[in-house]
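Note that the structure is predicted; figures quoted are calculated from it, not measured. The first residue of the sequence shown is numbered 1, and numbering continues consecutively from there. In each ligand, atom 1 is the first atom listed, and ligand 1 is the first ligand listed.
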Amino acid sequence: MFERPRGTRDFNPSQAASHRYVERAFRRTAEAFGFREVLTPTFENAELFKAKSGPGILEEMFTFKDKVGRELALRPEFTASIIRFYNSELRSEPKPLKVFTLGNCFRYEEPQMGRYREFWQWNCEIIGAPSLESDSDVIALADAGLKRVGLMRTELRIGHIGMLRKFLAFPQQDQGILLHLLDKKRFTDLRTELARLESEQFFDVVSSVAQLKGGPEVLDRAQELLGEAAKESVEYLRMLGGQLALYGIKDFVYDLGVVRGLDYYSGMVFEIDSPNLGAEKQVGGGGAYILTNVLGGEVTSSTGFAIGMDRVVLSADQEGIKMAAKPLDAYVIPIGQAMRPKAFEIVMQLRTAGFSVDVDLMGRGPSKNLDYANSVKARNSVLIGEKEVAKGAVAVRDMESGKQIEVAVRDLVAALMGGTETEVRKPGRKSTRRAPKP
Ligand code: AMP
């Protein structure tokens, strides 16, 4: 027996169906917002991620050498690849460029619930449109994606990195360290670091700002604490709140502790949590950033986010959202050996008509086959019996009610679609409460 590599998972059919359900919801939402899908390689030159996130990222990645010694890395995220792609090929596309991607990422992490070494992200970016409207479009997209999945309990927290950057006007590297500590809420280390910079007097103000969370009143408080340094950011967040209201988004909080400790974030930043989850409750985050120049291109403003699909699935499970795959429309049961050719003919006729249909492959008797149809939750069984076939008909049994009726073979497609006066249910019609179809 072999074991899976640590931190990876197998997905059984029902888990795979949940995963695809969420993926479908995200893809359709992105398309509804005018985003187009792109695909980038699963591995890149390790240098790309180093350039974006600093050498520390090497510790967090799966890196390997190819046969001629190039250092490669399995992608730990998508933004670096998308911006590389933009710089090399997409920069002449009409602006704004709105793109999304969905796929697996790899990080060398300590695995736990909601934290894996292989996980899936939905990543969306608007490149080349530095505006309040792009920021709000991206936030609204993330929000709409989660709503389309059916999640009811999420918390959207919005902040602005600009005010702390202005206030902590240290050289970039020192500022980066301070913001990273604020991001991780490591206040003791923050005090030590400020002391090292002979600026311990900033500690109270900065740590208070990072703990401000709530309605518009926290913006007033930030203004009081930071003075002039907060002016622009606070005004921006107020306008953003107004803009989000146009999308019907009112249930968010301002959280000035959202820092996202990477140097390239430049303005609005946001995170989304699911209180359904334990320690790993953050389902996604993003913000406005400038990265094109860090990766060798011209300065271009972008705004985007990544949402972790695995945590969304966990959270949707917790909320009781049914993500099961669509059951079989029909399970076809030949009664006796002689009826098998006719059964396969009918199976293919129904499959071609667009139904999901399976057929007995085990040569079981009718009652065992009906048990099987029940256990796979087929909506209908189609019984192919000699007596009916002689009349050009079959028997269709509604597996939920147990009601069985005779249907002419030529009417079978219509019957399964509910197009005749027969009582056979439509494919896809739901009898129990299910999540809205993404
Ligand atoms: P990040 O790129 O670190 O901002 O991550 C964006 C989202 O991806 C997070 O909010 C998580 O939902 C998800 N995520 C990040 N790392 C992991 C992981 N190791 N396992 C599962 N999900 C992850």
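- Atom 12 (O) of ligand 1 has as its closest protein heavy atom Val283 O, 3.0 Å.
- Nearest protein heavy-atom neighbour of atom 20 (N) of ligand 1: Tyr116 N, 3.0 Å.
- Between Phe11 and Trp120, the distance from one ring center to the other falls under 6.0 angstrom.
- Between Glu235 and Lys231, at least one side-chain nitrogen of the basic residue sits less than 4.0 Å from a carboxylate oxygen of the acidic one, meeting the salt-bridge criterion.
- Between Glu44 and Lys52 there is no salt bridge, since no side-chain N of the basic residue sits under 4.0 Å from a carboxylate O of the acidic one.
- The parts of Gln282 lying near ligand 1 are both backbone and side chain, judged by heavy-atom distances below 4.0 Å.
- Glu31 has no carboxylate O lying under 4.0 Å from a charged side-chain N of Arg28, or vice versa, which leaves the two without a salt bridge.
- The proximity of Glu109 to ligand 1, defined as any non-hydrogen pair under 4.0 Å, is limited to the side chain.
- Considering only non-hydrogen protein atoms, atom 11 (C) of ligand 1 sits nearest to Arg311 NH1, 3.4 Å.
- In terms of protein heavy-atom proximity, atom 14 (N) of ligand 1 is closest to Phe119 CE1, 3.6 Å.
- Geometric assessment of Arg191 against the ring of Phe203 yields a positive cation-pi assignment under the 6.0 Å and 45° thresholds.
- Counting heavy atoms only, Gly114 comes closest to atom 21 (C) of ligand 1 of the residues Gly308, Gly114, Gly284, Ala306.
- At a heavy-atom cutoff of 4.0 Å, ligand 1 is contacted by the side chain of Gln121 but not by its backbone.
- Across Glu60, Glu77, Arg107, heavy-atom proximity to atom 3 (O) of ligand 1 is greatest for Arg107.
- Asn276 and Ser315 share a donor-acceptor pair across their side chains, judged by distance under 3.5 Å alone.
- Contact analysis leaves Gly285 out of contact with ligand 1, as no non-hydrogen atom separation drops below 4.0 angstrom.
- The distance between the ring centers of Tyr108 and Phe106 does not fall below 6.0 angstrom.
- Glu280 and Tyr116 share no side-chain donor-acceptor pair at under 3.5 Å.
- What sits closest to atom 4 (O) of ligand 1 on the protein, heavy atoms only, is Arg260 NH2, 2.7 Å.
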